[in-house]
Asks: 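Got a structure for you, questions after.
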Amino acid sequence: MRLLAFTKPFGLIDPARLAETVASVGADGVDLVVREGQTVSPADPGGIAVVAAELERRRLTLDVVTTDLLDVDADAERIIAACGESGVPLMRVGFYRYDPAAGYRRQLEEARAALSRLVALAARHGVRLAVQLHHGTIHPSASLALALAGDLDDVRFYADPGNQAKEGSEAWALNVDLLGDRMACMGVKNAVWRSTADGWVCEWQPFADGGVVPWPEIVPGLRARGYTGVLSLHVHYPAADPVAAVRRDLDHLRGLLG
């Protein structure tokens with residue numbers, strides 16, 4: 001399994017510095033966030049190729065591009081084309097948020113149609129799309145993500161047990177079994193439940209400090225099931241030194257890999 005650094009905590013730094021930072025934390029490659037305030041913005045996706053070149057110079061890879069794309073538009077055309085030209089193997093789409101007022105069935109129909117349009121566009125550029133399991137969406141679990149994809153067999157999935165902790169929990173092994181060989185990436189993070197004046201809340205915390213997600217069980221379990229995809233390390237908690245935080249968490253993850 002290859003270990004990726006999710007670039008969100010590094011913020012707006014130039015591609016060369018980003019590549020140097022990723023090399024310094026000991027990652028094998030990158031899960032590049034294309035978003036305002038990041039190294040590459042949706043308005044200038046040509047930066048994807050620049051990042052890929054800077055990584056290659058340091059013998060690192062651009063394995064995943066994470067976007068907020070929900071349907072085909074001008075941004076989607078540019079970003080997906082840039083991914084194809086840079087040889088990016090996997091692009092994550094955005095989150096189809098759940099709105100109780102709209103109702104699940106209506107949202108499922110609309111989201112599946114939008115995803116279908118994105119898949120068709122991506123296919124023209126040789127790019128494969130992934131849907132991430134995420135709280136607050138209509139795809140928080142393996143079964144609901146599969147329902148969203150429907151008969152779009154080329155869609156892949158970005159598993160994320162930490163995200164699922166935000167909506168309670170779900171057996172990680174069941175998720176892996178359901179997604180099968182369509183699981184192309186797994187997000188890695190941890191969280192804890194804390195009692196506050198407003199009730200119990202689930203908060204992110206350093207992966208190296210443990211939490212409610214049983215990573216010492218998950219990592220060897222993935223290996224036993226023959227998973228050879230990528231693990232993307234996410235640092236979402238506040239950190240005075242984000243680079244040091246990513247390095248510490250990656251070291252802990254590599255230790256679990258043995």
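When a residue number appears, it is its place in the shown sequence, counting from 1.
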Asks: State whether the side chain of H139 and the backbone N or O of Q132 hold a donor-acceptor pair below 3.5 Å, judged by distance alone.
Replies: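 Confirmed, H139 side chain pairs with Q132 backbone.
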Asks: Ignoring hydrogens and angles, state whether a donor on the side chain of K189 or H234 is under 3.5 Å from an acceptor on the partner side chain.
Replies: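 Result is yes, a qualifying pair exists.
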Asks: Between G187 and D160, which heavy-atom pair has the shortest distance, and what is it?
Replies: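 Looking at all heavy atoms of both residues, the closest pair is CA-OD2, 3.6 Å.
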Asks: Just verifying a value: how many Å separate E56 CD and E54 CD, rounded to the nearest 0.5 Å?
Replies: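 The CD atom of E56 sits 10.5 Å away from the CD atom of E54.
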Asks: Begin from the C-alpha positions of D154 and R182 and carry the test salt bridge (Lys or Arg N to Asp or Glu O under 4.0 Å) through to its verdict.
Replies: CA-CA 8 Å; D154 201 43; R182 295 175 70 183; over 6 Å; no
Asks: Closer than 3.5 angstrom, by distance alone: can the side chain of T39 be matched with the main-chain N or O of I13 as a donor-acceptor pair?
Replies: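 Yes: the side chain of T39 pairs with the backbone of I13.
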Asks: Atom CG in L174, atom OG in S143: separation rounded to 0.5 Å?
Replies: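 Interatomic distance, L174 CG to S143 OG, rounded to 0.5 Å: 7.5 Å.
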Asks: Please tabulate, one pair per line, all N/O donor-acceptor pairs under 3.5 Å involving side-chain atoms of residues 18-33, not counting sequence neighbours.
Replies:
residue, atom, partner, partner atom, Å
E20, OE2, R58, NE, 2.9
E20, OE2, R58, NH2, 3.1
T21, OG1, R17, O, 2.8
S24, OG, T21, O, 2.7
D28, OD2, L3, N, 2.9
D31, OD1, T66, OG1, 2.7
D31, OD2, Y158, OH, 2.5
D31, OD2, S232, OG, 2.8

Asks: Holding to side-chain contact (heavy atoms from CB on, under 4.5 Å), I want the full list of residues that pass it with D251, two or more places apart in sequence or in another chain.
Replies: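 By the side-chain contact (heavy atoms from CB on, under 4.5 Å) rule, D251 matches R247.
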Asks: Return the set of residues passing ring pair (Phe, Tyr, Trp, His ring centres under 6.0 Å) with F207 (not counting sequence neighbours), or none when no residue passes.
Replies: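 Applying ring pair (Phe, Tyr, Trp, His ring centres under 6.0 Å) to F207 gives W215, H252.
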Asks: Residues two or more places apart in sequence or in another chain: which of them pass side-chain contact (heavy atoms from CB on, under 4.5 Å) with T61?
Replies: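 Once residues adjacent in sequence are excluded, the partners of T61 under the side-chain contact (heavy atoms from CB on, under 4.5 Å) criterion are R2, D63.
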Asks: Has the side chain of N163 got a donor or acceptor atom that lies under 3.5 Å from a matching backbone atom of L133?
Replies: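 Yes, N163 side chain to L133 backbone: donor-acceptor pair under 3.5 Å.
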Asks: Does this structure show an ion pair linking R106 with E110, if we count only N-O contacts that are shorter than 4.0 Å?
Replies: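 Yes, R106 and E110 are salt-bridged.
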Asks: Which atom names give the shortest non-hydrogen contact between V246 and P9, and what distance separates them?
Replies: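 That closest heavy-atom pairing would be CG2-CG, 4.0 Å.
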Asks: Going by side-chain contact (heavy atoms from CB on, under 4.5 Å), Y96 matches just one of L108, T137, L70, V131. Which one?
Replies: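 Answer after filtering L108, T137, L70, V131: L70.
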Asks: Ignoring hydrogens and geometry, is there a side-chain-to-backbone donor-acceptor pair from E167 to G136 under 3.5 Å?
Replies: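 The answer is yes, because a donor-acceptor pair under 3.5 Å joins these two groups.
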Asks: More than 12 foreign heavy atoms under 6.0 Å from CD of E109: is that the case here?
Replies: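 Check fails, neighbour count at 12 or below.
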Asks: Check the side chains of Y237 and D249 for a donor-acceptor pair under 3.5 angstrom, ignoring hydrogens and angles.
Replies: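 Yes - a donor-acceptor pair under 3.5 Å links their side chains.
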Asks: Does K8 use its side chain to pair, donor to acceptor, with the backbone of V235 at less than 3.5 Å?
Replies: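 Flag not set: sc K8 to bb V235 has no pair under 3.5 Å.
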Asks: Please enumerate all residues that pass side-chain contact (heavy atoms from CB on, under 4.5 Å) together with E217, with sequence neighbours excluded.
Replies: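 For E217, the residues satisfying side-chain contact (heavy atoms from CB on, under 4.5 Å) (neighbours in sequence not counted) are W172, P214.
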Asks: Look at the side-chain heavy atoms of Ile, Leu, Val, Met, Phe, Trp and Tyr, link any pair under 4.5 Å apart, and say whether V64 and I48 land in one connected group.
Replies: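 Different clusters: V64 never reaches I48 through Ile, Leu, Val, Met, Phe, Trp or Tyr contacts under 4.5 Å.
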Asks: Do side-chain atoms of R223 reach the backbone of L257 as a donor and acceptor pair under 3.5 angstrom?
Replies: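 Yes.
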Asks: For D209, what residues pass the side-chain contact (heavy atoms from CB on, under 4.5 Å) criterion, not counting sequence neighbours?
Replies: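 Expected list: Q205, P206, R248.
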Asks: Please determine whether residues M186 and L90 belong to a single hydrophobic cluster, defined as Ile, Leu, Val, Met, Phe, Trp and Tyr linked transitively by side-chain heavy-atom distances below 4.5 Å.
Replies: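 No, M186 and L90 fall in different hydrophobic clusters.
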Asks: Have a look at D75 and tell me which of I80, L69, T67 forms a side-chain contact (heavy atoms from CB on, under 4.5 Å) with it.
Replies: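 That would be L69; it is the only one of I80, L69, T67 passing the side-chain contact (heavy atoms from CB on, under 4.5 Å) with D75.
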